[in-house]
Amino acid sequence: MNFFVRRIKICIIDKNQAKIKEAKQKRNLILNVIQQLKEKGFNFSDCIYCDAKTDAYFTLRASHSFFLAEDGNYSGAIEQILNELFNEDKRMDYRNVLNMNSLNKYVTKDNPIFEIPYYHQMNNAELKGKIIVVYLDSDEYGNLHHFVLGFKMYSDTIEMDEKKQLRRYYDQLKQSILENANYIEALMNMAQSIFSVNLTQNQIDGIYDKYMVENIRPALPCSYEAYFKQWKSNVLEDCLGSFGIVESCQNLLNRYKAGDKYVTIEYQIKMPDDRVIWVQEMILMSEEIIYDIDIQSERNIVRAILLFRNTSAFHEKEDREKEKLQLAYQKVDLESKAKTDFMNRMSHDIRTPINGILGMMQIIRKNWGDMDKLDDSLNKMEVLTKHLNELVEDILNMSKLESDHMEIVNEPFDLNYMVEELNSLIDAQVSLQNITYHKHMENVVHTHLIGDALQLRRILINLLTNAIKYNKPNGTIDMYVREIKSDDSKVTFEFEIKDTGIGMSKDYIEDHLFTPFSQAKQDARTRYEGTGLGMSIVKGLVDKLGGNIEVKSEVGVGTQIKVVLTYQLDTSKNEKQDSSKLDLKDKRILLVEDNEINMEVAEFYLDAVHANVDKAWNGLEAVEKVKEQPNQYSLILMDIMMPKMNGDEAAKCIRKINPSIPIVAMSAQSEYSIDQTIMNDSISKPIDEQKLNHILSKYVA
């Protein structure tokens, strides 16, 4: 019997020793991780230590309001975090962010910090802050193994509820003490100055560490109330209410009797060098029994430790965080309003030409035998259609610029040819508006350039269109192209547009000119058609091309805009073929298009240059036609979005049959970017006859 008793006792002792050893190891781990966090600049009130391999966690630090259990499964913790910190409509998105597969991508040795902001509306209160994931180590395969999840909450106002503030700093102090074997050292880490006070006898017994205001250091021991009466003279007037709580020993004793064992306040004081700082004062009170020699009896006294900390940096950081948060919310609000405003404007601007086109169609049906009426209606429909296309182009271009998807190409082009083409387009517009248009080429020596002619054309068309749109009756427009400097490899041009239009104010130019959807006059959207995106696009393109833009204007007098751009010189000096004289009667072209109207329009343009056209209605049919006649086609015009087989897939198959056939993509997608391994070039829809002829000249003629 004694043998079994001894065995049981030994087992109990072994288990106790194992538990003691386990607890010691866990404490050492906690201290080690907390130290790592401090070295990384983090001091969380709430954080958990997570093990990705075992799907487990345990709490490193927890304030009074922390909602997670002391330990458990990490996957289970995710669900509780989502319920506590995220609105219902966001939980699915953040569940995907917080799961281990995602964290394994986001949190690595090279990217050790990952922040997840949260916002939760709960009982008419806003809860916002961020979860910070801190990398600790990886497993043998390089996957995330151990990490810390820290929780940081933001406060909406500078004046925090005293109870909340008290709990926050008390929690920090308690954690610091628990994590530090040396009690005094832990206190020293928390404060600039520490007072030891006998509240019952109104006496300051000791002052430790760096003293905050040297010029009023007292001789110890001294009267608590006399000292703080002197201290009060440094406190700012707005903070005297808070300071009154700690002004006398009796006030603190009353708080202690009411059950408060600790009190925390914050106030501002003026330093001897006239600096104003924030001071956070924490009073920890406890009662003890002493033997009083004078009365030969025991009695109770209340002692206190006063911790003073300079929290100015904390307030400055909190103010910056709140300002950032406020700006972020304002930005979201402005973006939301901008989207609503955009939809309202676009609804008006797009429906206007559509209504006009539908109206013209009704007029044509009712006046079928009147050729003058038919011709007039068709002309108006063409103008309305072009305007509608310009609206869509502006929106797509702005979208590309904002998403940084606008591609800049560097290809040879002839500046003279581009300017002549531009002048032809503008001449047709100004003749209808009774505006005089003058073209000036000054000191232009180099015209064979390498760059993005399309974007230059967009810039100048937008500027010239605005000059026409906002001009006055019988007004004038002057366009200048000046070569201002050059060397052996590059040349810089200045493009200037001057008009005698309605002009703009200086304030409008500085604050609104390059803002999307902006027009200088409130009634501009009725009197002057357009999206209000033109100058935003111009500024975005000029920046993208590495140039600069200068605007001068006077209300009622006119506007002068200068754009400066630099281009590489094209030393090959290849002359462009005149696409107006195209004759492709000996050429066969494969036209691949699944839409009947688009097929008819493209075929019409190809017939105009006498090309022989074969038609395919999807990518699979196009591949079969090339298989039947591998060397028959001089060019393939390939739609992208088609049934059975799309354009890119068809082009890949055709490249295997005949790698040398030029294939040009036809796409209405704003974000479509050609794969140069399968496509030679691209042309956007709706197809423009001049652009198509340029493609034909380049690859067929």
Side-chain angles (χ1 to χ4, degrees), residues 34 43 45 61 63-64 160 162-214 216-232 234-235 239 242-269 277-292 298-312 314:
I34 293 292
N43 186 28
S45 295
R61 279 181 166 182
S63 64
H64 75 285
M160 189 188 299
E162 181 188 332
K163 192 172 182 180
K164 289 181 181 177
Q165 188 184 61
L166 166 66
R167 287 189 180 278
R168 173 186 287 185
Y169 292 120
Y170 179 73
D171 286 337
Q172 291 177 354
L173 176 65
K174 180 177 68 177
Q175 289 159 359
S176 181
I177 292 170
L178 290 173
E179 291 158 8
N180 200 314
N182 189 325
Y183 180 85
I184 297 298
E185 186 180 338
L187 294 176
M188 296 299 186
N189 288 335
M190 286 292 295
Q192 273 77 38
S193 294
I194 303 173
F195 285 24
S196 172
V197 179
N198 183 332
L199 292 176
T200 304
Q201 295 179 332
N202 182 30
Q203 182 174 288
I204 300 175
D205 298 326
I207 297 176
Y208 309 97
D209 207 13
K210 182 180 178 182
Y211 193 66
M212 295 182 71
V213 185
E214 290 287 348
I216 58 170
R217 177 186 282 275
L220 300 177
C222 71
S223 164
Y224 175 95
E225 292 181 1
Y227 171 78
F228 275 94
K229 184 177 181 180
Q230 186 181 6
W231 179 268
K232 184 177 179 180
N234 297 285
V235 178
C239 300
S242 297
F243 185 76
I245 296 171
V246 298
E247 191 174 356
S248 72
C249 287
Q250 192 57 51
N251 287 349
L252 291 173
L253 288 170
N254 290 341
R255 296 287 289 261
Y256 181 78
K257 288 175 183 177
D260 292 335
K261 301 297 188 291
Y262 42 77
V263 175
T264 299
I265 62 168
E266 273 196 299
Y267 50 85
Q268 288 180 287
I269 64 170
I277 66 169
W278 278 95
V279 174
Q280 181 252 317
E281 182 179 342
M282 180 188 291
I283 300 96
L284 305 177
M285 296 177 283
S286 63
E287 192 170 5
E288 63 180 69
I289 301 172
I290 65 168
Y291 185 81
D292 192 324
E298 294 178 349
R299 65 187 180 93
N300 294 347
I301 65 168
V302 177
R303 290 191 177 277
I305 294 175
L306 275 59
L307 306 172
F308 294 88
R309 186 167 68 159
N310 183 343
T311 55
S312 299
F314 169 79

[X] to [Y] - nearest heavy-atom pair and separation:
X    : Y    : result
I283 : A304 : CG2-CB, 3.8 Å
A226 : S223 : N-OG, 3.1 Å
D205 : L220 : O-CD1, 3.9 Å
L252 : M285 : O-SD, 3.6 Å
S242 : I265 : O-CD1, 3.6 Å
E225 : C249 : OE2-N, 3.1 Å

May I ask you to establish whether K232 and F243 are in a cation-pi arrangement, using a distance under 6.0 Å from NZ or CZ to the six-membered ring centre and at most 45° from the ring axis?
->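 Not satisfied by the 6.0 Å and 45° rule.
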Begin from the C-alpha positions of E281 and L306 and carry the test side-chain contact (heavy atoms from CB on, under 4.5 Å) through to its verdict.
-> CA-CA 7 Å; E281 182 179 342; L306 275 59; 3.5 Å; yes
Please step through side-chain contact (heavy atoms from CB on, under 4.5 Å) for the pair I277 and I269, ending with a clear verdict.
-> CA-CA 6 Å; I277 66 169; I269 64 170; 3.7 Å; yes
Does NZ in K229 sit with more than 12 non-hydrogen atoms of other residues, nucleotides or ligands closer than 6.0 Å?
->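 Counting neighbours around NZ of K229, 12 or fewer heavy atoms of other residues, nucleotides or ligands fall under 6.0 Å, so no.
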Test side-chain hydrogen bond (donor to acceptor under 3.5 Å, both in side chains) applied to Q280 and Y267, step by step = CA-CA 7 Å; Q280 181 252 317; Y267 50 85; over 6 Å; no
List the steps, then state whether side-chain contact (heavy atoms from CB on, under 4.5 Å) holds for Y224 with V246.
-> CA-CA 10 Å; Y224 175 95; V246 298; 4.0 Å; yes
Hey, would you say the W231 and F308 ring centroids sit under 6.0 Å apart?
->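 When the ring centroids of W231 and F308 are compared, they turn out to be within the sub-6.0 Å range.
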Less than 4.5 Å apart, any side-chain heavy atom of V197 and any of R303?
->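 Not touching, per the 4.5 Å side-chain cut-off.
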Residues N251 and E247: side-chain donor-acceptor under 3.5 angstrom =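 Per modelled atom types, N251 and E247 side chains form no pair under 3.5 Å.
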Verify the distance criterion only: is there a donor paired with an acceptor across the side chains of T311 and E266 at less than 3.5 Å?
->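 Yes, side-chain donor-acceptor contact under 3.5 Å.
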